[in-house]
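Everything below concerns the one structure shown next.
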Amino acid sequence: MFEKLKDIICNYVEVKPEDIRPESRFMEDLGFTSFDFMSMLGEIEDEFDVEIEQQKVADIRTVKEAAEYLETLVEE
């Protein structure tokens, strides 16, 4: 999931996949704006055919947190 997420992240911000770490924070480290982040979430929902709860989004700060949350959705 982490590797797939890295590919999607690279569609939204100018960062090399090898520079994305599990502890990378979307806003502070990767340069996401809130619009970029919400757009990426829409793509993730389409890509994995899941629905992301808006309440959960507020708790997601790092790539690792996003990957772990997505894993719980995809398994269901």
Side-chain angles (χ1 to χ4, degrees):
M1 184 61 70
F2 179 68
E3 293 302 317
K4 289 180 182 178
L5 202 49
K6 286 195 329 188
D7 291 340
I8 293 172
I9 288 168
C10 290
N11 293 335
Y12 290 90
V13 289
E14 291 186 27
V15 62
K16 296 177 187 164
E18 59 270 18
D19 292 337
I20 300 172
R21 307 264 180 264
E23 64 276 5
S24 295
R25 296 168 298 174
F26 286 100
M27 308 291 183
E28 297 88 340
D29 301 325
L30 301 176
F32 270 79
T33 64
S34 16
F35 179 77
D36 293 332
F37 190 69
M38 297 311 286
S39 299
M40 180 190 70
L41 292 179
E43 180 177 340
I44 289 170
E45 287 180 326
D46 292 344
E47 177 82 21
F48 296 104
D49 194 28
V50 295
E51 189 170 323
I52 296 171
E53 295 177 43
Q54 294 304 315
Q55 298 164 301
K56 294 282 187 184
V57 171
D59 297 331
I60 295 174
R61 298 278 178 251
T62 67
V63 178
K64 180 182 179 194
E65 290 169 353
E68 288 173 349
Y69 174 60
L70 284 174
E71 286 169 2
T72 67
L73 294 178
V74 174
E75 289 172 4
E76 293 176 355

**Asked** Given Tyr69 and Ile60, is the side chain to side chain contact (heavy atoms under 4.5 Å, CB included) satisfied, shown in steps?
**Response** CA-CA 8 Å; Tyr69 174 60; Ile60 295 174; 3.8 Å; yes
**Request:** Report the distance from atom CD of Glu51 to atom CG of Leu41, rounding to the nearest 0.5 Å.
**Result:** 12.0 Å
**Message:** Looking at Gln55, I'd like to know if its CD atom is crowded, meaning that more than 12 non-hydrogen atoms belonging to other residues, nucleotides or ligands lie closer than 6.0 Å.
**Reply:** no
**Separation of Leu73 CG from Lys56 NZ (nearest 0.5 Å)** = 9.0 Å
**Message:** Treating Ser39 as the side-chain partner and Phe35 as the backbone partner, does any N or O pair qualify as donor plus acceptor under 3.5 Å?
**Reply:** yes
**Prompt:** CD/Glu45 to CE/Met40 distance, rounded to the nearest 0.5 angstrom?
**Reply:** 11.0 Å
**Message:** Please determine whether side chain to side chain contact (heavy atoms under 4.5 Å, CB included) holds for the pair Phe32 and Arg25, giving the CA-CA distance in whole Å, both sets of side-chain angles, and the decisive distance to 0.1 Å.
**Reply:** CA-CA 9 Å; Phe32 270 79; Arg25 296 168 298 174; over 6 Å; no
**Asked** Rounded to the nearest 0.5 Å, how far does CG of Leu5 lie from CD of Glu71?
**Response** 9.5 Å
**Message:** When you compare the side chain of Glu43 with that of Tyr12, does any pair of heavy atoms fall below 4.5 Å?
**Reply:** yes
**Request:** Output, in order, the C-alpha distance, side-chain angles, deciding distance and verdict of side-chain hydrogen bond (donor to acceptor under 3.5 Å, both in side chains) for Thr33 and Asp36.
**Result:** CA-CA 5 Å; Thr33 64; Asp36 293 332; 3.1 Å; yes
**Asked** Do other residues, nucleotides or ligands put more than 12 heavy atoms under 6.0 Å from Glu14 CD?
**Response** no
**Message:** Checking Phe26 against Val13 for the side chain to side chain contact (heavy atoms under 4.5 Å, CB included) test, could you report, in this order, the C-alpha distance in whole Å, the side-chain angles of both residues, the deciding distance, and whether it holds?
**Reply:** CA-CA 10 Å; Phe26 286 100; Val13 289; over 6 Å; no
**Prompt:** Considering residues at least two apart in sequence or located in another chain, which fulfil the side-chain hydrogen bond (donor to acceptor under 3.5 Å, both in side chains) criterion with Arg21?
**Reply:** none
**Prompt:** Looking at CG of Leu30 and CZ of Phe37, how far apart are the two atoms once the value is rounded to the nearest 0.5 Å?
**Reply:** 10.5 Å
**Prompt:** Donor-acceptor pair, Glu68 side chain versus Glu65 backbone, under 3.5 Å?
**Reply:** no
**Prompt:** More than 12 non-hydrogen atoms from neighbouring residues, nucleotides or ligands closer than 6.0 Å to CG on Asp49, yes or no?
**Reply:** no
**Message:** Just so I know, are the side chains of Met38 and Gln54 near enough to count as touching, which here means a heavy-atom distance under 4.5 Å?
**Reply:** yes
**Complete:** Taken to the nearest 0.5 Å, the spacing of Ile20 CD1 from Asp7 CG works out to 8.5 Å
**Item:** Minimal non-hydrogen separation, Ala67 against Met1, with atom names
**Value:** O-CG, 3.6 Å
**Message:** So Phe2 and Val63, do their side chains get closer than 4.5 Å, heavy atoms only?
**Reply:** yes
